[in-house]
Amino acid sequence: MDQILSMPAQPLDVAPFGAKLTSARSAVLFKAEDLEVIRVVLRKGQSLPPHRVPGSVSLHCLEGRLEVMLGQSIYELQRDQLIHLPPGLPHAVRALDDSSAIATIVLCSGE
């Protein structure tokens, strides 16, 4: 995963990649003491395996379609949709199409 790691208060372009999506890669946009923001890029059929984090997560689909598994429930996330994943619950993400999204993770102390 690439790391962009912007300085505080620096604007970042998070527009959809469009035609450039095929060559795009996931990247950490920034990480602070209490927050991490990642641009996630998944090709159709790729997935993030089931995992859990101590803090809340939001996932904002910028382009494509994602299947989000939260516990025993499955949700389809389409372009311009956002989902909140509560802290500590196992979740996984699978791309139904080539997709990019912004994942915002609340970091808990000790992480």
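Computed from heavy atoms alone, side chains included, the values below leave out hydrogens, waters and symmetry copies. Source: prediction; values computed, not measured.
In plain terms, the two heavy atoms of A92 and P49 that are nearest each other are CB-C, 3.9 Å. Closest heavy-atom contact between L62 and P16: O-CG, 3.6 Å. A pairwise comparison of heavy atoms in H51 and V53 identifies CD2-CG1, 4.4 Å as the closest pair. Between G64 and S99 the shortest heavy-atom distance is CA-OG, 3.5 Å. For the pair R43 and L21, the tightest heavy-atom approach, listed with the atom from each and the gap, is NH1-O, 3.1 Å.
In this structure, the side chains of H91 and L70 come closer than 4.5 Å at one or more pairs of heavy atoms. Two residues are said to be in side-chain contact when any heavy atoms from C-beta on lie closer than 4.5 Å; I102 and L29 meet this criterion. Residues V106 and P87 fail the side-chain proximity criterion, which asks for heavy atoms closer than 4.5 Å. Two residues are said to be in side-chain contact when any heavy atoms from C-beta on lie closer than 4.5 Å; L35 and F30 meet this criterion. Contact annotation: the side chain of V68 approaches that of L85 to within less than 4.5 Å [non-hydrogen atoms, C-beta and beyond].
With hydrogens and angles ignored, the 3.5 Å screen pairs a side-chain donor or acceptor of E63 with a backbone N or O of F17. Between the R65 side chain and the Q78 main chain, no donor and acceptor come within less than 3.5 Å of each other. Using a distance-only test at 3.5 Å, with no hydrogens or angles considered, no donor-acceptor pair links the side chain of S100 to the main chain of V41.
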**Study point:** CA sep, side-chain torsions, deciding dist, call: Q81, Y75, side chain to side chain contact (heavy atoms under 4.5 Å, CB included)
**Key:** CA-CA 11 Å; Q81 290 185 320; Y75 304 92; over 6 Å; no

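One finds the CZ atom of R94 at 10.0 Å from the CD atom of E76 (value rounded to the nearest 0.5 Å). A distance of 8.5 Å separates CG of D98 from NZ of K44, quoted to the nearest 0.5 Å. The CG atom of L66 sits 11.0 Å away from atom OG of S47, with the distance rounded to the nearest 0.5 Å. To the nearest 0.5 Å, atoms SG (C61) and CG (L82) are separated by 10.5 Å. Note that CG of D80 is 5.5 Å distant from NE2 of H60, once rounded to the nearest 0.5 Å. Between atom CG of residue L107 and atom NZ of residue K31 there is a gap of 5.5 Å, rounded to the nearest 0.5 Å.
With M69 as the partner, the side chain to side chain contact (heavy atoms under 4.5 Å, CB included) test is satisfied by one option alone out of I74, L48, V93: I74.
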